[in-house]
Structure formats: structure tokens, C-alpha cells
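Structure record follows, encoded as C-alpha cells.
Chain identifiers are assigned alphabetically (A, B, ...) following the order of the sequence lines, protein sequences preceding nucleic acid strands; residue numbering begins at 1 within each chain. Here the structure is a predicted model, which means the values were calculated and not measured.
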Amino acid sequence: MNNQEIAKIFHEIAVLLEIEDVAFKPQAYEKAAMGLEALSEDVEKIYKRGGIKELEELPGVGKGIAEKIIEYLKTGKIKEYQQLKKKTPVDIEELTAVEGIGPKTISILYKVLSIKNLKDLERAARAGKIRRLENFGEKSEQNILESIEFLKRSKGRFLLGEILPEVREIYKKLKNLKEVKKISLAGSLRRMKETIGDIDFLVVSRQPEKVMNFFISLPGVIKIWGKGATKTSVRMRQGYDMDIRVVAGKSFGSALQYFTGSKEHNIATRKLAMEKGFKLNEYGIKTEEEVYKKIGLPYIEPELRENTGELEAGLRGKLPKIIGYQDICGDLHCHSHWGADKNKAIKQIENFVRLAREMNYEYVGISDHTKFLAIEHGLDEKQLLEQKKFIDKLNQKLKIENCKLKILCGCEANIMADGSIDINDKTLAKLDYVIAGVHSQFKMNREKMTERIIRAMRNPNVDIISHLTGRIIQQRDEYEIDFDKILKAAKETGTILEINAYPVRLDLKDSNIRKAKEAGVKMVINTDSHQSEQMRFMEYGISQARRGWAEKKDIINCWSAEKMLGMLK
DNA sequence: GCCGTTTTCGGCCCGACTGTTTTCAGTCG
């Protein structure tokens, strides 16, 4: 998409202008870049429809930047960018990724030592050349080397589902300290972003020194820096960094609001505060509710704080009542592996049932792969009916035991290249519900893939489309689809879109969830569990739904079994 | 370069920390 490419250029222009010491323009380009990144529609489409006028309506885009967007669309380049780049021909993306290196440092490194990229930088640092620069020293050189090491090792961000369980253990330890009066997670982890950069803890304590000492002696800490009275940072062996901040109880609310972010949300809230005639900082307010109230806003859930319209919605009293973490009545996507080993599968189903009861679910749905996926021992028609029979019996047994849980029998069938389903309609019709998903031939062109999925939706037995875009976070891109067209077809056919809670999938992503909700398309949050403990991934699906502004009415497994089944095809 | 319920000029989020200096610029969140 053009948006991401242009956004990247604008980010770089911002850095290059800062190198040139130009005032205020860098922020303008930065803002425009962020606006473009958040945009779900291709700017080319917008330009073709509404010309420069509609481009100028985009956030952060005025006449000058609109003209640059058009220049890029027409010629594939932006002249001013190329001129700036000629003056400072360095790999900005690589160098700014190094912690502690910004525009001014890049400029000096290039002018004095001709450093253009990460390789040059590492070589110069190893040769002891950095420390001889003015305003640099041994410490700065050491920090650069360590940052490069960290970059090489961690490759950036961690999956929410991989990091949250570990962090919760640490959180518990901190909370149990008698010196800790109050504690909260902050940052992107509190906002439940799908990937997390680093971990932030916010603590109220009268003895910060003791808390800091405990923090730096946690098992797994391999590096400590910035140890002060209010803040300390550590690096963990697993490769991520953690910050802890201690504040006074009377400032907990303002600090929590501030350190939860996002940065964009904070900038916007501070601007709002200024319009009301006062300054917002991280001190002096006890609760977050009061912080928002002061600016004339209702409380905004952390998952909504991305400056994607939540402030405007709050001002107009139009914030959604997003779904809660306790609102789920069941999970419809659990694999028993019936085709691989029936006896094991029976045990597996019993485990799903046990966990579903523990999680207070009203229903749990077994949906094994079907025959096209031989590698997953997918079930054929006969096996599906056999499994259905078994589940019917198990339901009767549960009923006799006076257990309210209902087991549903579905499947996750394959959408073939032509959009047909690999199981016959007669069999599909006998199941409680049918999920269908794309599991092969991901590299189709956009039109074909869109047609393929829409044809599957038109099958009167297909109730749910699983992991619609097929992405695997940090591993595989989404396949190309026309999402708007698919939404229209989903609405027409009454097909439900899945929000897959599996940590590497989280598919639909937040912006797509929001679009689906706006289009009136219903969704279901499923874990895609391949073992019973994975049913606990539900939390990540819920957070994703919350980040997509979804409400209970949008998510069919927030509903009773009766209502939910009643709305399927 | 963008923006506007003090709107076409004059502002632009704000504070902590670092490493280098000896008073502060740069970076970060």
C-alpha cells in the first residue's frame, strides 16, 4: 500500500529536517506520517476520488504535504526527500533504531566519521573512534555497542501472549512487597497491544529505594541503568526491558494516565487540556477518572487510547461500551485432533469441557480440521458424523450430571482455491455450526482471493470465517483481500467473522474489527485451541476486540447459546 | 508545515534522565 511507503518517507524527512535544524517542520511531517499509517484506505484511492482537496482533509495533511503525496503517487518519488537525502545519505531507519541515537547524533556521526549505517557504526565503536568525538565519551560508545547487541538479539517487539504471563508473575512479586502500597502495569502492555516493546510498572511507595533494590535483584535481570529515586530500568535475559516508576499516592492517577499512553493519545489530551486553560503533566491527580473529568471527558479504557477518535467520541458522549473480560459465554474453536487418535481426542474433549466449566462458559464448540488438511489429520464426512454422535452422548451425560455446559459440534473446514468447501453440504448441515477458513494457496491475487472467500460465505452452511486475513504476526503478511467487499458480503449472507485469539494471529486486527462493527457485521472471538490450556488465550481475543471498539452486541459468543445458535445460518 | 469556538498569524506536549560537561543539548516515552 502507498500509505506505509509514503509514511516511511515522511518519517525520514522529519529526521533529515531535524538534522538541518529546521524548526517545527519535523513534527509536522511526523504527524502526517502517523496519520497515514493509521489510515485504512489507500491515499491513491482518496486522491482519485476527491483530489487534493480530500487529501488536505486528512489529519496533519495540508497543502504542502498533500502536494508531496501526489508527487509520490505520480512519479514514485519525492524531490525534496531526495535532495535532503543527498546531503545526508545515511540509513535513517537502521540508525534511529539504536537506542540513544537521534537526528543530531546521526548528523555528527556522518559528518565526522562518515557513518552511514549500522555496520559503519559498529565498526567505529569497536575501533574506539566514537569516544574521541566532541561531547561523546567512553560511556556513550559502550552504550552504542550494547544497543546494537540488543537490536541483533531481540528483533524489537514481543508478542502480548508470550510476555503477559511472565510479567504477571513479576507483578505479583512486586505487589506482595510490603513497601508497595499500590501498583499497576502501564504502557503498551496495559493497552494490550498485540506486540509489546517494553514493560512499565507504576508503583506508589514511601520507600522507593527498597522497591528499586528489589526490582533490580529480580531473577533474570542482566543489566541495570537509570537507577534513581523515581525511575529504574532493567534488561531481562529473555531480551526485553522493564521500567519501574515510583510516584506519590496523590499523583497516581495522573502518572498512570501519562505512562499508559499512547504517546499520540497523550499529546491529544494535553492539547485538550490547554484549550481548557491548564497544563496536564504526570503530577497531582489521584485517579485516572479525575484526570479525564478535568478535561471534560468520561473515563477512557486503556485499549482505546490510541488517538483514533476516542477523544472526539468522549467529548460527544459517544464512546462505545466495549466488551468486558468477563463477558464471554463460550469458545467455538477448539481442536480435539479426532482424526489423529480418537482415544486421545476423547480425553482432549473432556479437558476442554473441564476448562470451559472452570471458565464459567455456557458452551464450548469442538471444530476439528477437515479432510483437505491431511497434515492435521483432517476429518472426512464419516468421521465428522461419528464425532457428532459422540458429542451428543457426552451432552446427555452432562445433562444427567446436572451440568449446564453444552458441547457444540462443528468443524473448521477448508475454503478451496475456487471457494468451495471440502466437506459436502449434507454433512455440514448436520453439524451445530460450521467454521470455514483458508489454509492453502495464500498467494492468490486480491480479486481471486476476495472472490474465493465470498463464494465460501455464500454457502448456506458456512456460519463463520476463521482468521480472515491469514497473517502470522512477525512471520507472514496478510493475504491480499478487498476487505470492504468481504464486509458487504458478510452482511448480506449473515456470515460471522472470527476474531482469532491465538497470540501469533490476532486476526482480525483492531482496525478491521472496527470496520466490521461499523458495517454491522457480527463477530465471534475464538481461541483456535489445539490443547485445552490454550482456551485461556481468550483474553487476547477480547483485548483485540476492545481495541477494535467492539461491544457485546457485536460479538455473538457474548450471547447465550440459544440466542447465538439462533442467529447462525 | 499544520492548524483554528480568541481562525489567516503565531503558536506548536512536557518532563526525566544521560553523558557530557560545568550549564545543557539530545533522546526518550
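dC14(B): Watson-Crick or G-U partner is dG29(B), with both key distances under 3.5 Å.
Residue whose closest nucleotide on DNA chain B sits further toward the 5' end, between Ile65(A) and Glu99(A): Ile65(A). The 5' end of DNA chain B is approached more closely, in terms of each residue's nearest nucleotide, by Pro59(A) than by the other of Pro59(A) and Thr96(A).
At the phosphate of dG19(B), OP1 or OP2 sits under 4.0 Å from a side-chain N or O atom of Asn143(A). The phosphate of dC13(B) has OP1 or OP2 within less than 4.0 Å of a side-chain N or O from Lys271(A). Note on Thr230(A): every side-chain N or O is 4.0 Å or more away from OP1 and OP2 of dA16(B).
Annotation: dC2(B) and dT7(B) have their C1' atoms spaced 13 Å apart (nearest Å). If you take atom C1' in dT8(B) and the same atom in dG4(B), they sit 9 Å apart, rounded to whole Å. dT23(B) and dC17(B) are spaced 15 Å apart, taking the C1' atom of each and rounding to whole Å. Spacing between dG26(B) and dT20(B) at atom C1', rounded to whole Å, works out to 11 Å. Rounded to whole Å, the C1' atom of dT21(B) lies 11 Å from the corresponding atom of dA25(B). Look at the P atom in both dG1(B) and dT6(B): the space between them is 28 Å, to the nearest Å. Between dA16(B) and dT22(B), the distance separating the two P atoms is 24 Å to the nearest Å.
We find that Glu122(A) and Arg126(A) are joined by a salt bridge, their nearest charged nitrogen and carboxylate oxygen being less than 4.0 Å apart. With respect to Lys509(A) and Glu194(A), no salt bridge is recorded, no charged nitrogen being found less than 4.0 Å from a carboxylate O.
Within 4.0 Å of Glu134(A), counting heavy atoms only, lies no atom of the nucleic acid at all. The residue Val22(A) sits apart from the nucleic acid: no heavy atom pair falls under 4.0 Å. Looking at heavy-atom distances under 4.0 Å, Lys139(A) makes contact with sugar-phosphate atoms alone, never a base. Among the heavy atoms of the strands lying under 4.0 Å from Pro103(A) are primed sugar atoms or P, OP1, OP2 only; no base atom is included. As judged by a 4.0 angstrom heavy-atom cut-off over every strand, Glu138(A) is placed among residues touching the sugar-phosphate backbone only. At a threshold of 4.0 angstrom between heavy atoms, the contacts of Thr105(A) are confined to the sugar-phosphate backbone, with no base atom among them. Residue contacts for Tyr29(A): at a heavy-atom cut-off of 4.0 Å it reaches the sugar-phosphate backbone alone, with no base atom in range.
Side-chain contact of Asn117(A) with Glu94(A): a donor-acceptor pair under 3.5 Å is absent, judged by distance alone.
Taking OG1 of Thr105(A) as the reference point, atom CD1 of Ile115(A) lies at 11.0 Å (rounded to 0.5 Å). Of the inter-residue distances, the one linking Ile46(A) atom CD1 with Asp42(A) atom CG reads 7.5 Å to the nearest 0.5 angstrom.
The side-chain ring of Phe136(A) is not stacked on the base of dT20(B), judged by centre separation under 5.5 angstrom and plane angle under 30 degrees.
Regarding Glu18(A), its CD atom lies at a distance of 17 Å from the P atom of dC12(B), rounded to whole Å. Straight-line distance from the NZ atom of Lys31(A) to the C1' atom of dG4(B): 11 Å, rounded to whole Å. Rounded to whole Å, the distance from CD1 on Ile267(A) to C1' on dC2(B) is 14 Å. Rounded to whole Å, the distance from CH2 on Trp225(A) to C1' on dG29(B) is 13 Å. Atom C1' of nucleotide dG29(B) and atom CZ of Arg305(A) are separated by 16 Å, given to the nearest angstrom. Summarising the geometry, the separation between NZ on Lys263(A) and C1' on dC13(B) is reported as 10 Å, rounded to the nearest angstrom. In this structure, CG of Asn135(A) is placed 9 Å from P of dT20(B), rounded to the nearest angstrom. Whole-Å rounding puts the Ile101(A) CD1 to dG26(B) P distance at 14 Å.
For the ring-ring contact (aromatic ring centres under 6.0 Å, His included) test, residues two or more places apart in sequence or in another chain that qualify with Tyr479(A) are Phe442(A).
Of the candidate nucleotides dG1(B), dT27(B), dC17(B), dC17(B) has the atom lying nearest to any side-chain atom of Lys231(A).
Asp241(A) places none of its side-chain heavy atoms less than 4.5 Å from the side chain of Val234(A).
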